[in-house]
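Just the heavy atoms: all of them, side chains too, but no hydrogens, waters or symmetry mates, feed the values below. Throughout, a chain's letter reflects where its sequence line sits, starting with A, and its residues are numbered from 1.
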Protein chains: 2
Amino acid sequence: MEKAENINLHIREIEDHFKAAISVDCVIFGYDESELKVLTLDCNMDPYLELPSLLGDLVKNDENLDEAATRILYERTGITDVFLEQVKAFGELDRHPMGRVVTIAYYALIKVDEYGQNGMESKHNAKWRTIGSLEEMAFDHKKILNSSLHLLRKRLIEYPLWMKLLPEHFSLPELQNLFEAVLAKPLDKRNFRKKISKLGIIKEVGKKQEDVPHRPAKLYAVNEKKLREDYSFLLKNPFVS
Amino acid sequence: MEKAENINLHIREIEDHFKAAISVDCVIFGYDESELKVLTLDCNMDPYLELPSLLGDLVKNDENLDEAATRILYERTGITDVFLEQVKAFGELDRHPMGRVVTIAYYALIKVDEYGQNGMESKHNAKWRTIGSLEEMAFDHKKILNSSLHLLRKRLIEYPLWMKLLPEHFSLPELQNLFEAVLAKPLDKRNFRKKISKLGIIKEVGKKQEDVPHRPAKLYAVNEKKLREDYSFLLKNPFVS
DNA sequence: TTAGATAGTGTAAAAAATACACTAAGAGTT
DNA sequence: AACTCTTAGTGTATTTTTTACACTATCTAA
């Protein structure tokens with residue numbers, strides 16, 4: 001019965017190791033007031049009291065990682081159908097004061113205007129903070145944020161993820177500003193527009209900005225037909241590159 | 001003492017969740033006989049008996065994820081200084097028959113010639129298998145392999161990772177074949193050489209292939225100076241893009 | 001009407017990617 | 001020594017992509 005022994009050994013070994021916890025932390029990106037922001041809480045755990053922290057929770061025993069991330073997003077913002085992608089796992093020994101907690105980081109992209117309507121922000125003490133204002137964070141959340149931002153930058157260049165951050169109707173200057181905010185560098189207006197228009201994924205909606213004290217910009221929307229034809233992978237959630 | 005209560009709640013909650021195990025699985029890539037191969041074991045766990053599996057192990061309580069991956073690589077191949085990068089976490093509920101085991105996948109690149117010299121392959125029942133031959137695998141290892149291969153392809157295009165797979169001296173036809181094996185598509189010889197030479201990262205070693213029944217190819221080696229100057233990030237381990 | 005502010009538009013040059021076919025060098029054979 | 005077989009090695013022209021760059025148009029407000 002070598003096989004059975006082998007398995008018993010495995011079981012003992014595994015029991016010995018089933019002492020860790022798994023959590024999911026979400027870097028929730030939003031684009032608002034021409035800035036890239038992250039939804040944060042104020043940490044209430046020593047020794048990180050008052051420091052901004054990401055939204056996270058332990059993974060329950062009956063949900064997989066993607067489901068946990070989706071649940072956290074829903075519990076904390078009330079939004080469903082959020083764009084999500086796993087970033088990576090973080091497992092430093094000392095990353096959590098309670099013990100061994102390995103966390104799986106996700107980033108999420110949400111439309112701040114839709115989220116705002118639910119008034120969830122104040123209900124859960126969540127705060128939007130600009131990337132620049134997040135110098136010190138609880139746990140290893142600054143590291144997680146950095147990795148997530150790095151991934152977001154690569155993704156934004158590769159795929160039209162900006163559509164997940166912008167409201168239904170948006171202008172090209174807004175779109176360019178979003179790129180500049182995320183990539184943290186200025187872009188040439190004409191070259192930018194050339195590239196966007198070549199994607200063929202946006203269409204004019206026949207309206208213009210209102211209440212601006214200068215020439216109003218044309219408004220665009222995502223061309224849903226083209227989206228389904230050429231970018232259907234963006235509709236599956238969570239996203240896998 | 002609201003704070004203390006809060007923390008006690010947290011502790012109970014966490015204890016309730018400290019029932020999961022964390023493992024690391026390594027997709028160990030090697031390039032040999034002009035093919036991309038993966039180091040595998042034959043699974044000895046029901047219901048996956050005999051199916052090829054990746055090399056993995058539970059993460060110990062005193063090691064972080066990167067250390068666990070490095071340890072697994074060392075225990076299974078005897079090699080230190082292996083190129084490693086985390087792929088992502090896999091946490092489906094039913095992925096492991098023993099219970100909830102979330103695994104963090106890494107891929108590793110090793111030089112088959114150096115590894116071979118240790119004779120570790122037979123010592124540990126590890127087998128090199130070609131990618132093409134791995135249709136069915138134990139656990140969710142096929143999914144892990146697919147994700148890892150996908151990442152490797154992106155990385156190979158972006159960075160000169162091929163140097164981690166090739167022996168000290170190699171020819172340009174060998175290098176091109178490595179690309180073709182990993183990317184699974186043919187490349188134009190002249191354009192390929194143009195691109196490689198523009199990197200400036202290899203130098204002739206003044207030798208030629210021996211024992212080939214045709215015109216021998218020139219041999220090259222990595223230009224260590226250029227490597228340290230322009231690609232020092234490849235020397236840090238594990239790699240983070 | 002004018003001033004102020006931002007929207008919107010095209011072209012030329014440089015760089016990168018692609019397509020493509022012949023000669024060169026060695027081993028093995030007669 | 002000549003010839004055959006096999007793979008190594010090389011350059012140019014075309015297309016595509018990226019970059020750099022400056023002026024006119026449209027709206028609000030005074």
Side-chain angles (χ1 to χ4, degrees), chain A residues 31-35 153-154 156-160 162 166-167 169-221 223 230, chain B residues 31-35 153-154 156-160 162 166-167 169-221 223 230:
Chain A
Y31 175 70
D32 192 33
E33 295 170 323
S34 299
E35 290 193 286
R153 285 176 175 158
K154 295 185 86 164
L156 185 67
I157 291 167
E158 209 172 353
Y159 307 107
W162 40 263
L166 289 174
H169 292 171
F170 54 88
S171 68
L172 289 178
E174 252 180 303
L175 178 53
Q176 178 171 348
N177 194 298
L178 160 54
F179 268 79
E180 293 178 332
V182 175
L183 303 179
K185 69 174 184 193
L187 298 174
D188 179 88
K189 182 161 53 166
R190 283 177 287 191
N191 294 338
F192 177 78
R193 283 164 183 247
K194 205 183 302 171
K195 192 166 272 178
I196 295 294
S197 92
K198 202 159 40 174
L199 295 177
I201 200 168
I202 63 173
K203 58 166 196 252
E204 292 189 23
V205 295
K207 291 183 189 169
K208 292 184 177 179
Q209 281 182 310
E210 283 171 23
D211 304 317
V212 287
H214 53 73
R215 176 175 176 178
K218 286 186 198 169
L219 292 180
Y220 293 80
N223 181 338
D230 297 1
Chain B
Y31 175 69
D32 193 33
E33 295 169 324
S34 299
E35 289 193 287
R153 286 177 175 156
K154 294 185 86 164
L156 185 67
I157 291 167
E158 208 171 353
Y159 307 108
W162 39 264
L166 290 174
H169 293 171
F170 55 86
S171 68
L172 289 178
E174 254 179 302
L175 178 53
Q176 181 173 346
N177 194 300
L178 160 54
F179 268 79
E180 293 178 331
V182 175
L183 303 180
K185 69 175 183 192
L187 299 173
D188 179 87
K189 181 160 54 166
R190 283 177 287 191
N191 295 337
F192 177 78
R193 284 165 183 245
K194 206 183 301 174
K195 191 168 273 179
I196 294 294
S197 93
K198 202 160 38 174
L199 296 177
I201 200 168
I202 63 173
K203 58 168 195 247
E204 292 189 24
V205 294
K207 291 183 190 171
K208 292 184 176 179
Q209 281 183 309
E210 282 170 23
D211 303 318
V212 286
H214 53 73
R215 176 175 177 178
K218 286 186 198 169
L219 294 180
Y220 294 80
N223 181 339
D230 296 1

Nucleotide by nucleotide, 5' to 3', does protein get under 4.0 Å of the base (B), only the sugar-phosphate (S), or neither (-) in nucleotides 24-30 of chain C, counting heavy atoms?
BBBS---

Among residues 184-199 of chain A, which ones have heavy-atom contacts with DNA chain C below 4.0 Å?
A:Lys189, A:Arg190, A:Arg193, A:Lys194

Contact list please: residues 169-179 of chain B against DNA chain C, heavy atoms, distance less than 4.0 Å, in numerical order.
none

Cut-off 3.5 Å, no hydrogens considered: what does the side-chain donor-acceptor table look like for residues 183-198 of chain B, sequence neighbours left out?
from, atom 1, to, atom 2, distance (Å)
B:Asp188, OD2, B:Arg190, N, 3.1
B:Asp188, OD2, B:Asn191, N, 2.8
B:Asp188, OD2, B:Asn191, ND2, 3.3
B:Ser197, OG, B:Lys194, O, 3.4

Measure up the A:Phe179 and A:Trp162 rings against each other and bin them: parallel (under 30°), tilted (30 to 60°), perpendicular (over 60°).
tilted

Calculate, to the nearest 0.5 Å, the distance between atoms [atom1] and [atom2] belonging to [X] and [Y] respectively.
{"X": "A:Gln176", "Y": "A:Ser34", "atom1": "CD", "atom2": "OG", "value": "11.5 Å"}
{"X": "B:Glu158", "Y": "A:Lys154", "atom1": "CD", "atom2": "NZ", "value": "4.0 Å"}
{"X": "B:Asn177", "Y": "B:Leu172", "atom1": "CG", "atom2": "CG", "value": "12.5 Å"}

Hey, are the side chains of A:Tyr31 and A:Val182 touching, using non-hydrogen atoms and a 4.5 Å cut-off?
no

Starting from [atom2] on [N], measure out to [atom1] on [X] and report it in whole angstrom.
{"X": "B:Leu219", "N": "D:dA8", "atom1": "CG", "atom2": "P", "result": "12 Å"}
{"X": "B:Tyr220", "N": "D:dA8", "atom1": "OH", "atom2": "P", "result": "12 Å"}
{"X": "A:Asp211", "N": "D:dC27", "atom1": "CG", "atom2": "C1'", "result": "12 Å"}

So which heavy atom on A:Glu174 is nearest to which on A:Pro167, and how close?
OE2-CG, 4.4 Å

Please list, chain by chain and in numerical order, all residues satisfying salt bridge (charged side-chain N to carboxylate O under 4.0 Å, His left out) with A:Asp32, sequence neighbours excluded.
none

List the atom pairs, donor and acceptor, that lie under 3.5 Å between side-chain atoms in residues 199-213 of chain A and the rest of the protein, sequence neighbours left out.
from, atom 1, to, atom 2, distance (Å)
A:Glu204, OE2, A:Lys218, NZ, 3.3
A:Gln209, OE1, A:Ala217, N, 3.0

